[in-house]
Novice: 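The structure's right below; bear with me while I get my questions together.
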Amino acid sequence: MYKVIVFDLDQTLWWCDSTWIDMSAGAPFHRVDRDTLCDKAGERLGLFSDVRKILTELYQRKYQLVIASRSSAGGWAHEALAKLEILDFFIEVLVYTGSKVAHFEIIKKRTGIDYSDMLFFDDEERNICDITGIGVDCVQVMGGIEYSQIGNLL
């Protein structure tokens, strides 16, 4: 049974008109609706349709949820998570450049949980390969995470 579930942001939990948050015009973000924000240039960033339901159910089942995103826009990501009102689901939000292996080393150190008890969702094959290599079970998502991908956890 997994104890920690880790999510990438761009193209996994949310979509961006600019593809990635660090390629957007950035903060301040303004709320368009419950699941969509607009950056300072008017481009949109929004949660994929199943994200809120997925996070709510996993959180209620006491999984430790973590963000691991390779991005230079950590401040923007935190602001977007807060304005989308999903920041409180996560025990850690790790957003910085570099290998995702470094993200997972920090997660393991801070939680004390082995890689074999973690599950990771990401859209990029290179991240899936790197993290599978350290012993974390991974799911590659295409076009955002879907509820069917977490069915075995519920």
Side-chain angles (χ1 to χ4, degrees), residues 1-16 19-24 26-27 29 31 34-37 45-154:
M1 176 62 89
Y2 301 111
K3 296 176 183 172
V4 173
I5 302 175
V6 183
F7 300 93
D8 176 50
L9 287 173
D10 297 325
Q11 307 310 319
T12 300
L13 289 186
W14 63 38
W15 52 268
C16 304
T19 310
W20 303 291
I21 194 169
D22 54 5
M23 294 187 69
S24 75
F29 291 95
R31 206 164 175 162
R34 184 174 187 223
D35 293 335
T36 311
L37 303 176
L45 174 149
L47 296 177
F48 286 104
S49 61
D50 291 347
V51 168
R52 207 170 283 280
K53 180 179 180 179
I54 289 168
L55 295 178
T56 299
E57 290 194 28
L58 293 174
Y59 183 81
Q60 288 172 344
R61 291 181 184 265
K62 308 294 186 207
Y63 288 100
Q64 295 182 62
L65 306 179
V66 177
I67 296 290
S69 180
R70 183 186 358 227
S71 173
S72 60
W76 294 350
H78 275 86
E79 180 182 332
L81 290 164
K83 288 191 175 175
L84 289 166
E85 298 178 352
I86 61 171
L87 184 60
D88 290 342
F89 285 115
F90 302 99
I91 63 164
E92 292 280 349
V93 177
L94 305 172
V95 182
Y96 49 85
T97 59
S99 169
K100 291 242 178 148
V101 172
H103 290 79
F104 277 82
E105 289 170 353
I106 291 170
I107 295 166
K108 183 178 179 184
K109 182 179 179 183
R110 291 185 182 166
T111 64
I113 294 173
D114 290 330
Y115 294 138
S116 60
D117 292 323
M118 296 182 192
L119 178 62
F120 178 49
F121 293 90
D122 196 310
D123 64 303
E124 291 189 56
E125 185 175 353
R126 67 181 171 157
N127 295 330
I128 297 295
C129 291
D130 288 348
I131 302 309
T132 299
I134 62 171
V136 175
D137 286 342
C138 298
V139 177
Q140 186 174 9
V141 302
M142 305 305 280
I145 192 167
E146 296 177 357
Y147 190 78
S148 62
Q149 294 169 307
I150 64 150
N152 62 332
L153 300 173
L154 304 175

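Only this structure's heavy atoms are used, side chains among them; waters, hydrogens and symmetry mates stay out.
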Novice: Is a donor on one side and an acceptor on the other found under 3.5 Å between the side chain of R52 and the backbone of R34?
Specialist: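 Side chain of R52 to backbone of R34: a pair is present.
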Novice: What orientation do Y96 and H103 show, parallel under 30°, tilted 30 to 60°, or perpendicular over 60°?
Specialist: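 The rings of Y96 and H103 lie parallel, inter-plane angle below 30°.
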Novice: Let me see the working for V51 and L84 under side-chain contact (heavy atoms from CB on, under 4.5 Å), right down to the final yes or no.
Specialist: CA-CA 11 Å; V51 168; L84 289 166; over 6 Å; no
Novice: If you apply the rule side-chain contact (heavy atoms from CB on, under 4.5 Å), what do you find for V4 with D117, and how did you get there?
Specialist: CA-CA 7 Å; V4 173; D117 292 323; over 6 Å; no
Novice: Could you give the distance from CG (L47) to CH2 (W14), rounded to the nearest 0.5 Å?
Specialist: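 Answer for the CG-CH2 pair, L47 versus W14, is 8.0 Å.
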Novice: To check you understand the geometry: which heavy-atom pair defines the closest contact between F104 and Y115, and what is its length?
Specialist: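 Residues F104 and Y115, closest heavy atoms: O-CE2, 3.5 Å.
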Novice: Quick check for you: to the nearest 0.5 Å, what is the distance between F29 atom CZ and L81 atom CG?
Specialist: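 Taking CZ in F29 and CG in L81, the distance rounds to 10.0 Å.
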Novice: Kindly give the heavy-atom pair with the smallest separation between V6 and A68, and that separation in Å.
Specialist: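 Minimum heavy-atom contact is CG1-CB, 3.6 Å.
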Novice: Does any part of the side chain of I5, heavy atoms only, come nearer than 4.5 Å to the side chain of F121, both counted from C-beta?
Specialist: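 The answer is yes, as the side chains (C-beta and beyond) meet within the 4.5 Å cut-off.
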Novice: Locate the shortest heavy-atom distance separating M1 from Y63; write the atom from each residue and the value.
Specialist: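 Closest approach of M1 to Y63, heavy atoms only: SD-OH, 3.3 Å.
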Novice: Nearest 0.5 Å please: distance from the CG atom of D137 over to the OG atom of S116.
Specialist: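 These two atoms lie 8.5 Å from each other.
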Novice: Look up atom CD1 in I113 and atom NZ in K108, then write down how far apart they are to the nearest 0.5 Å.
Specialist: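 NZ of K108 is found 11.5 Å from CD1 of I113.
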Novice: side-chain contact (heavy atoms from CB on, under 4.5 Å) with Q140: which of D122, D123, I128, T12?
Specialist: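 Answer to the side-chain contact (heavy atoms from CB on, under 4.5 Å) test with Q140 among D122, D123, I128, T12: I128.
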Novice: What do you reckon, is OH of Y59 surrounded by more than 12 foreign heavy atoms closer than 6.0 Å?
Specialist: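 For Y59, atom OH is not crowded (no more than 12 foreign heavy atoms under 6.0 Å).
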Novice: When rounded to the nearest 0.5 angstrom, what is the spacing between OG1 in T36 and CG in L45?
Specialist: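 It is 8.5 Å, given to the nearest 0.5 Å.
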Novice: So, using salt bridge (Lys or Arg N to Asp or Glu O under 4.0 Å) as the criterion, who are the partners of E124 when residues are at least two apart?
Specialist: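 Counting only residues at least two positions away or on another chain, E124 forms a salt bridge (Lys or Arg N to Asp or Glu O under 4.0 Å) with R126.
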Novice: If you compare all heavy atoms of D10 against all heavy atoms of C16, which two are closest, and at what distance to 0.1 Å?
Specialist: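 Heavy-atom minimum between the residues: OD1-SG, 3.6 Å.
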Novice: Determine the interplanar angle of the F7 and F90 rings, folded into 0 to 90°, and report it as parallel if under 30°, tilted if 30 to 60°, perpendicular if over 60°.
Specialist: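 The arrangement is perpendicular - the two ring planes meet at more than 60°.
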Novice: Go through it in stages, so that I can follow the logic: the residues are M118 and V136, the test is side-chain contact (heavy atoms from CB on, under 4.5 Å), and I'd like the CA-CA distance, side-chain angles, deciding distance and then a yes or no.
Specialist: CA-CA 6 Å; M118 296 182 192; V136 175; 4.0 Å; yes
Novice: Tell me whether K3 at atom NZ has more than 12 heavy atoms from other residues, nucleotides or ligands lying less than 6.0 Å away.
Specialist: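 Incorrect, the count does not exceed 12.
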Novice: Of the non-hydrogen atoms in E79 and A27, which two are nearest, and what is the gap between them?
Specialist: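 That would be OE1-CB, 3.0 Å.
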Novice: Got V66 and R110 here, is their nearest side-chain heavy-atom distance under 4.5 Å?
Specialist: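 V66 vs R110: side chains apart.
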Novice: Check whether K100 reaches the backbone of I131 with its side chain - one donor and one acceptor, N or O, closer than 3.5 Å.
Specialist: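 No: the side chain of K100 does not pair with the backbone of I131.
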Novice: Show your working on side-chain contact (heavy atoms from CB on, under 4.5 Å) between F48 and D35 and close with a plain yes or no.
Specialist: CA-CA 8 Å; F48 286 104; D35 293 335; over 6 Å; no
Novice: Between L119 and C138, which heavy-atom pair has the shortest distance, and what is it?
Specialist: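 Heavy atoms only, the tightest pair is CD1-N, 4.3 Å.
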Novice: With rounding to the nearest 0.5 angstrom, report the CG to CZ distance, L58 to R61.
Specialist: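 The distance works out to 8.5 Å.
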